[in-house]
Peer 1: 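What follows is a structure written as C-alpha cells; I'll ask about it next.
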There are 2 protein chains.
Amino acid sequence: MGVDHPAQVRLREPQDRVAGKWAIGILVAAAQGPVRFSELERRIEGISRRMLTLNLRKLEREGLLVRTVYPTVPPKVEYTCTEMALELHETLLSLVSWAGRHSADIARAHAAYDAGRASASA
Amino acid sequence: MGVDHPAQVRLREPQDRVAGKWAIGILVAAAQGPVRFSELERRIEGISRRMLTLNLRKLEREGLLVRTVYPTVPPKVEYTCTEMALELHETLLSLVSWAGRHSADIARAHAAYDAGRASASA
DNA sequence: CCGAATCCTAAATGATACTG
DNA sequence: CAGTATCATTTAGGATTCGG
C-alpha cells in the first residue's frame, strides 16, 4: 500500500508557504532515506507527475529536501530530507496518527453537522 | 500581541478538509478555554471577519470546535475545543515551535534556491 | 456582537501530451 | 527516468456591504 496522507501541512513565511497537498506523504517517505522520483510516484497514491514535481520543488526551495542528480543513463534523481525536515518528522507522524485515530469521528461530525443544517433549512 | 500562526495545518478526509489558513491560530487560542468571536478577531492578527467565520464553521463541522450561543443582548457566542482538538494541541504547538525555530533557515533556503535559479537562467 | 451575502482575485490541483 | 508545457477547473482568500 502506498503512503496515505490523511493530513496536510503548510508552513508559512511572511510571503510564502511550504508544500501543498502532498507534502506530508513526501516528507514521511523521504525521512527513512533518499527516495527517487519514480519511487515517490509509486508510493504516494493518486499524485500526478506534475504535482509531485511542484511539491518537490517547493520543499527543496524551503530547505526541507535536497535534490541530487546522478548524471547517468537513464537519469537518476534522489531526494533527501535535510536536518530541518527530520526535526519535523515526529510531529508529522503525530499528525498522521491523530488523523488516523479520528477519521471516523470526523466523518460522524460531518454527518451530524450537515444533518443539523438540513433540518434548519427545512 | 496577537497569536501569530507561523504554520498552517489542513487535515484531510476522503472528500473534505479541516481548516484553512487560520486554523492553528484558532485552535491554539481556543485550547486554553472558550473564546468569543470578537476575542478571536482581536487575537488573530490580520484575519478578516469573513475568514474567521468560515474557518470556525469548518472547524465546527469537523468536530474540533463546539459553538455555544448565549441568547443574550447583545449576543454572545463561545467556541470551545473538543476532546479531539485538545489531543491535537501538543502537535500543533510542535509545529508552531518548529516553524519558529527555523524561519530564518527557511528564509535563507529561499534566497539560496532563488539565487541558484537566477544564475542558471543567466 | 456575531454574523451572512456578494463580488472578485489568486492559488492549488488535475488531465494530457511532449522531451532530454 | 525524470521531468516540462499547456489548458482547464476548483478552492481559498480578501473587500465590502447588509442584517438580527
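When reading the values below, keep in mind they use all heavy atoms of this one structure, side chains included, and skip hydrogens, waters and symmetry mates. Each chain gets a letter, A, B and so on, in the order the sequences are listed, and its residues count up from 1.
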Peer 1: Would one find a side-chain N or O of B:Ser38 under 4.0 angstrom from OP1 or OP2 of C:dC2?
Peer 2: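 Answer yes for this pair, as a side-chain N or O of B:Ser38 is under 4.0 Å from OP1 or OP2.
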
Peer 1: Does B:Arg67 put a side-chain nitrogen or oxygen below 4.0 Å from OP1 or OP2 of C:dG3?
Peer 2: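 Yes.
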
Peer 1: Less than 3.5 Å apart, any donor N or O on the side chain of A:Thr53 or A:Arg49 sitting next to an acceptor on the other?
Peer 2: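 Result is no, nothing qualifies.
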
Peer 1: Just the rounded figure in Å: distance from C1' of D:dA12 to CG of B:Leu59.
Peer 2: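 Computing the B:Leu59:CG to D:dA12:C1' distance gives 14 Å.
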
Peer 1: May I ask you to say whether A:Arg108 pairs ionically with A:Asp105, meaning some side-chain N is under 4.0 Å from a carboxylate O?
Peer 2: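 Counted as a salt bridge, because a side-chain N and a carboxylate O are separated by less than 4.0 Å.
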
Peer 1: Starting at atom CE of A:Met51, determine the distance to atom C1' of D:dC7, rounded to an integer number of angstrom.
Peer 2: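 A:Met51 atom CE is separated from D:dC7 atom C1' by 15 Å.
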
Peer 1: Is the base of C:dT13 touched by the side chain of A:Arg50 through a donor-acceptor pair closer than 3.5 angstrom?
Peer 2: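 In this structure, the two groups form a donor-acceptor pair.
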
Peer 1: Would you indicate, yes or no, if D:dG3 has its OP1 or OP2 atom less than 4.0 angstrom from a side-chain nitrogen or oxygen of A:Tyr79?
Peer 2: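 Yes.
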
Peer 1: Do the side-chain N or O atoms of B:Arg36 get closer than 4.0 angstrom to the phosphate oxygens (OP1, OP2) of C:dC2?
Peer 2: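 So the side-chain polar atoms of B:Arg36 do come within 4.0 Å of the phosphate oxygens OP1 or OP2 of C:dC2, strictly under.
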
Peer 1: For A:Arg101 versus B:Glu87, what's the shortest heavy-atom pair and its separation?
Peer 2: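 In this case the closest contact between A:Arg101 and B:Glu87 is NH2-OE1, 3.3 Å.
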
Peer 1: Measure the distance from CG on B:Asn55 to C1' on C:dA4 and round it to the nearest whole Å.
Peer 2: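 Taking atom C1' of C:dA4 as the reference, CG of B:Asn55 is at 16 Å.
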
Peer 1: Just how far is it from atom CG of B:Leu56 to atom CG of B:Leu64, taken to the nearest 0.5 Å?
Peer 2: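 B:Leu56 CG to B:Leu64 CG: 11.5 Å, rounded to 0.5 Å.
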
Peer 1: How close or far is atom P of C:dC2 from atom CD1 of B:Ile44, stated in whole angstroms?
Peer 2: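 Checked: the CD1 to P distance equals 13 Å.
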
Peer 1: Report which part of the nucleic acid A:Thr53 touches: base, sugar-phosphate, or nothing (heavy-atom distance under 4.0 Å, all strands).
Peer 2: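 Contact class for A:Thr53: base.
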
Peer 1: Tell me, with the steps shown, if A:Trp98 and B:Thr91 meet side chain to side chain contact (heavy atoms under 4.5 Å, CB included).
Peer 2: CA-CA 9 Å; A:Trp98 180 91; B:Thr91 302; 5.8 Å; no

Peer 1: Rounding to a whole Å, what distance do you find between B:Glu39:CD and C:dC1:C1'?
Peer 2: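 Rounding to the nearest Å, CD of B:Glu39 and C1' of C:dC1 are 13 Å apart.
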
Peer 1: Expressed in angstrom and rounded to an integer, what is the separation of A:Leu40 atom CG from D:dC1 atom C1'?
Peer 2: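 Nearest whole value for this atom pair: 13 Å.
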
Peer 1: Considering heavy-atom distances to DNA chain D, does B:Ile47 or A:Glu41 have its closest nucleotide positioned more toward the 5' end?
Peer 2: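 Looking at DNA chain D, the more 5' nearest nucleotide goes with A:Glu41.
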
Peer 1: Tell me whether the OP1 or OP2 atom of C:dA4 has a side-chain N or O from B:Arg57 closer than 4.0 Å.
Peer 2: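 Indeed, a polar side-chain atom of B:Arg57 lies that close.
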
Peer 1: Round to the nearest Å and state the distance from B:Leu52 atom CG to C:dC1 atom P.
Peer 2: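 Between P of C:dC1 and CG of B:Leu52: 14 Å.
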
Peer 1: Let me know the distance between CZ of A:Arg49 and P of D:dA5, rounded to the nearest Å.
Peer 2: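 Nearest whole value for this atom pair: 15 Å.
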
Peer 1: With nearest nucleotides of DNA chain C determined for A:Leu54 and A:Pro75 from heavy-atom distances, which residue corresponds to the more 5′ nucleotide?
Peer 2: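 The residue closer to the strand's 5' end, by nearest nucleotide, is A:Leu54.
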
